[in-house]
Amino acid sequence: MASTSTSSALSPLYESKFFFSTFTFPRKFTFPLKLLKSSIQTPKVLQPQVSRKTVSSSKSKLWVNPKSPRASELKRKSYDFRYASLVKVAQSLDSCNAVQEDVFNVLANLGDKLVEQDVVVTLNNMSNPETALLAMEYFQQRLKFSKEVIVYNVILKVVRKNKDFGKAEKVFDEMIERGVKPDNVTFSTIISCARQCNLPEKAIEWFEKLPSFECEPDDVTYSVMIDCYGKAGNVDMALSLYDRARTEKWRIDAVTFATLIRIYGTAGNFDGCLNVYEEMKVLGVKPNMTVYNSLLDAMGRARRPWQAKNIYAEMLSNGFQPSWGTYASLVRAYGRARYSEDALKIYKEMKEKGLELSVVLYNTLLAMCADVGLMDEAFNIFEEMKASGCQPDSWTYSSLITIYSCSGKVSEVESTLNEMMEAGFDPNIFVLTSLIQCYGKAGRIDDVVRTFDRLSDLGLSADERFTGCLLNVLTQTAKEDLHKLTICLERANPKLGYVVKLLLDEEVVEEEGVFKKHAAELLDSVTTDVRKAYCNCLIDICVNLNQLERACELLDVGLTLNIYKDIMSRNATQWSLHLKSLSLGAALTALHIWMNDLNKALESGEEFPSLLGINTGHGKHKYSEKGLAGVFESHLKELNAPFHEAPDHAGWFLTTKVAATSWLESRRAQEVVAS
DNA sequence: CTAGGGTTAG
């Protein structure tokens, strides 16, 4: 009843392409009750307003001026109504059996007077390609399309939603068979389908087909293709398309620029990202959210949190509200760069806005906490994560275990490990690495060995980091327990095992230079990112075993292989020793060598500069109770050395030419007396 | 929302 009075009241709008007077409630209503209810509610709201207005009109009871605001409102409302109904039909079709009879039955509810727009709207709202193809048959039997290509294009969209590229190609073939000529939209839809199916080479193949169907790529085709070439790793091709689009004067809009920024970001060309951004502004294109989010993401990858911060500020000042993606990029940018305060602030803001974090974001935060040693924060985030219903994964547990391990919290590590295994995750290499570290710190060597054995039980093999942690345990282990660990070490990396064996086995007598040769070979064989750690550990072991000569040999190897760079420097006013990133043993060894050099200089009558300095770095690493600076301060005192920490330069120990000279001379005098 | 491009990552 509502529907009849509505139609008659609106009948003057009948001709409008937006108005569908043919739509009445289906007689054989087969939709689920839920859909039926909401369909009925719409006209209820519409109907009384319309009749009141038309009745009160003095000139005509039925006619509303189609150009008046009132009319356009009615148009919109009636269209909304029709649109909502078509969406319901689309939903019914999605869940209906993919057999012709069922599909046709659902469609019969649309009535006989179908227009092309109905077809497009219905299909466009579908996600089931099987029933969509059957629905298309229904429409093809009943309608003569003025632009059949549009119907195929919409079907291609449905196919794309299902990421079924093979089916997209089939639909295309069918289209050609029926004599329907494809257009740019057809191609850009197929191409983007290939892209979403991770088939960038297919996308390129289809892009190259365009001319043979008398199609010329336009701005959208270029945009999709730029993205495809970027995804296929063909950055040059992507950029040359961009150039072509530019010279052919295609309108290049913000989305395309965002795509370019993403391509540069993925390729690691971060200045390229910023250049594109500048170029875009020069061309007068206003950045949108996509552009900002791509830029923020790129700056995160680039580890340039300060630039992310600036871009974010600009985004806010241009009146944009951060989206989920914005926050995600910021968490990543700040988290990876260890800007923990900024990252936690973003986290807080997300919570306040009720935005849900994904497991990846939680893991980013937890990994950051692990990096900077925020144990309590990590615990809280982990609890909040679980409370929010986000399921922790192996990364989550791995970060937590790392945090507890670095602080030597054995019982927390073990309970987290249990929780992890109860959740169905076997320990992975990261977890085992942390366990080794934790047990090593706690002096539980048998547990270290047991953990090492678990590696092969779980079908894993030691990687360089794992082996490095094992080596690090040796630097903290009493001499009598070392043999237990060298067995593991030999199994993990025979070359390394042999070098350590040479250090421990006092009975091995070897020729001059043999140790150095093996050490150099070993360090050369591992990747650059663990070289320094290995070398530091080996020197520490030497120092612990009081093998200062070997320590010097190793430091020398480290200098030759460029593992340690610019440790000693001299300029007109200051000679310096730079110990940042050296382990304590390596730093002490370097100091020893430096002092020898100073002695030699003194002996040869070389003039000292006015200042001599040792830079330990103020790196108060969160996990070591005393940084290198603290340990060095007491060591220098023991040596009676006149170096004192500079009050305005944390981590710098300085002395004057006069003090240094007299100190070195007095040491030499003592040595003479002693011998 | 009305035939085509981006957006959720380690």
Side-chain angles (χ1 to χ4, degrees), chain A residues 17-18 20 75-76 79-87 90 115-126 145-158 160 168 180 182-193 195-196 203 206 215 217-228 230-231 241 245 250-263 265-266 288-298 300-301 323-333 335-336 355-368 393-396 398-399 430:
Chain A
K17 72 166 182 168
F18 291 111
F20 306 89
K75 256 192 219 171
R76 189 183 54 78
Y79 184 70
D80 284 354
F81 173 45
R82 176 61 167 174
Y83 186 86
S85 310
L86 293 170
V87 170
V115 289
E116 222 164 326
Q117 187 85 14
D118 295 352
V119 179
V120 171
V121 171
T122 307
L123 292 176
N124 195 47
N125 279 289
M126 287 186 66
F145 293 106
S146 62
K147 284 179 184 169
E148 195 167 359
V149 62
I150 293 178
V151 182
Y152 276 103
N153 290 344
V154 181
I155 289 283
L156 285 169
K157 269 178 78 180
V158 179
R160 188 183 57 189
V180 178
D183 61 9
N184 263 330
V185 178
T186 316
F187 283 103
S188 58
T189 311
I190 291 176
I191 290 167
S192 75
C193 177
R195 195 196 71 91
Q196 284 176 26
W206 276 84
C215 289
D218 64 9
D219 56 343
V220 177
T221 330
Y222 277 130
S223 180
V224 185
M225 275 320 297
I226 287 171
D227 193 32
C228 285
K231 262 228 153 145
L241 269 195
W250 286 106
R251 181 185 58 96
I252 304 166
D253 68 8
V255 177
T256 307
F257 282 108
T259 302
L260 284 163
I261 292 169
R262 243 193 9 268
I263 290 171
T266 316
N288 64 10
M289 284 301 285
T290 327
V291 171
Y292 282 120
N293 289 352
S294 313
L295 268 176
L296 291 173
D297 185 65
R301 284 174 198 270
S323 68
W324 193 92
T326 314
Y327 285 127
S329 293
L330 287 173
V331 165
R332 209 155 67 117
R336 287 176 67 181
L355 290 170
E356 262 184 36
L357 277 81
S358 66
V359 65
V360 176
L361 281 187
Y362 277 116
N363 289 348
T364 306
L365 287 169
L366 290 171
M368 176 196 76
D393 67 6
S394 61
W395 291 70
T396 319
S398 170
S399 288
F430 302 103

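Reminder, nothing fancy here: chain letters follow the sequence lines and each chain counts from 1. Side chains included, hydrogens not; waters and symmetry mates left out as well; all remaining heavy atoms used.
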* **Full working for side chain to side chain contact (heavy atoms under 4.5 Å, CB included) between A:N363 and A:S399** => CA-CA 7 Å; A:N363 289 348; A:S399 288; 5.6 Å; no
* Asked: Does the side chain to side chain contact (heavy atoms under 4.5 Å, CB included) test come out yes or no for A:F145 and A:V119, once each step is laid out?
  -> CA-CA 10 Å; A:F145 293 106; A:V119 179; 4.0 Å; yes
* side-chain hydrogen bond (donor to acceptor under 3.5 Å, both in side chains) assessment of A:T290 paired with A:N293 -> CA-CA 5 Å; A:T290 327; A:N293 289 352; over 6 Å; no
* To do: With side chain to side chain contact (heavy atoms under 4.5 Å, CB included) as the test, would you mind laying out the steps for A:L357 and A:L365 before giving the verdict?
  => CA-CA 10 Å; A:L357 277 81; A:L365 287 169; 3.8 Å; yes
* Criterion side-chain hydrogen bond (donor to acceptor under 3.5 Å, both in side chains) on A:N288 and A:D253, from CA distance to verdict -> CA-CA 10 Å; A:N288 64 10; A:D253 68 8; over 6 Å; no
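Taking every side-chain heavy atom of A:V360 into account, B:dA9 is the closest of B:dG5, B:dA9, B:dA3. Listed nucleotides: B:dA3, B:dA9, B:dT2. Nearest to the side chain of A:I150: B:dA3. Listed candidates were B:dA9, B:dG6, B:dT2. Nearest to the side chain of A:S358 is B:dA9. For A:R332, taking side-chain heavy atoms from C-beta onward, the closest of the listed nucleotides B:dT2, B:dG5, B:dA9 is B:dA9. The nucleotide whose nearest atom lies closest to any side-chain atom of A:N153 is, among B:dA3, B:dG4, B:dG6, B:dA3.
With centroids closer than 5.5 Å and planes inclined by less than 30 degrees as the test, A:W324 and the base of B:dT7 fail to qualify as a stacked pair.
Under 4.0 Å is where a charged nitrogen must lie from a carboxylate oxygen, and between A:D297 and A:R301 at least one such pair does.
Among the atoms of the strands shown, base atoms are found under 4.0 Å from some heavy atom of A:T256. Here A:T290 lies in heavy-atom contact (under 4.0 Å) with a base. The residue A:N363 sits close to a base: some heavy atom pair falls under 4.0 Å. Contacts of A:T221 with the nucleic acid, taken as non-hydrogen atoms under 4.0 Å apart, include base atoms. A:D183 comes within contact range of at least one nucleobase, with a heavy-atom separation under 4.0 Å. Contact annotation for A:N288: no contact, since no heavy-atom pair falls under 4.0 Å across all strands. Residue contacts for A:D227: at a heavy-atom cut-off of 4.0 Å it reaches the sugar-phosphate backbone alone, with no base atom in range. Residue A:V220 is in base contact, counting any heavy-atom pair closer than 4.0 Å across all strands shown. A:A258 comes within 4.0 angstrom of no nucleic acid atom, judged by non-hydrogen atoms across all strands. Residue A:R262 is in sugar-phosphate contact alone, with no base atom involved, counting any heavy-atom pair closer than 4.0 Å across all strands shown. A:K147 comes within contact range of no nucleotide atom at all, as no heavy-atom separation falls under 4.0 Å.
One atom, CE of A:M368, and another, C1' of B:dG10, lie 15 Å apart when rounded to the nearest Å. Summarising the geometry, the separation between OH on A:Y327 and C1' on B:dT8 is reported as 17 Å, rounded to the nearest angstrom. With rounding to whole Å, A:L156 atom CG is found 10 Å from B:dG4 atom C1'. In this structure, A:R301 places its CZ atom 11 Å from P of B:dT8, rounding to the nearest Å. Atom CG in A:D253 sits about 15 Å away from atom C1' in B:dT7, given to the nearest Å. Atoms CD (A:Q117) and C1' (B:dT2) sit 5 Å apart, rounded to a whole Å. Following rounding to the nearest Å, A:F257 (CZ) and B:dT7 (P) show an atom-to-atom distance of 17 Å. Nucleotide B:dG4 holds its P atom 17 Å from the CH2 atom of A:W250, rounded to whole Å.
Comparing the P positions of B:dT2 and B:dG6 gives a spacing of 15 Å, expressed to the nearest Å.
Proximity of A:R195 to the phosphate of B:dG6: a side-chain N or O atom is located under 4.0 Å from OP1 or OP2. Put simply, A:R251 has no side-chain N or O that comes within less than 4.0 Å of OP1 or OP2 on B:dG5.
Residue side chain A:S223 reaches the base of B:dG5 through a donor-acceptor N/O pair under 3.5 Å, judged by distance alone. For A:D219 against B:dG5, a side-chain-to-base donor-acceptor contact under 3.5 Å is absent. Applying the 3.5 Å distance criterion, the base of B:dG6 shares no donor-acceptor pair with the side chain of A:N293.
Although no hydrogens or angles enter the test, the distance criterion places no donor-acceptor pair under 3.5 Å between the side chain of A:T256 and the main chain of A:I252.
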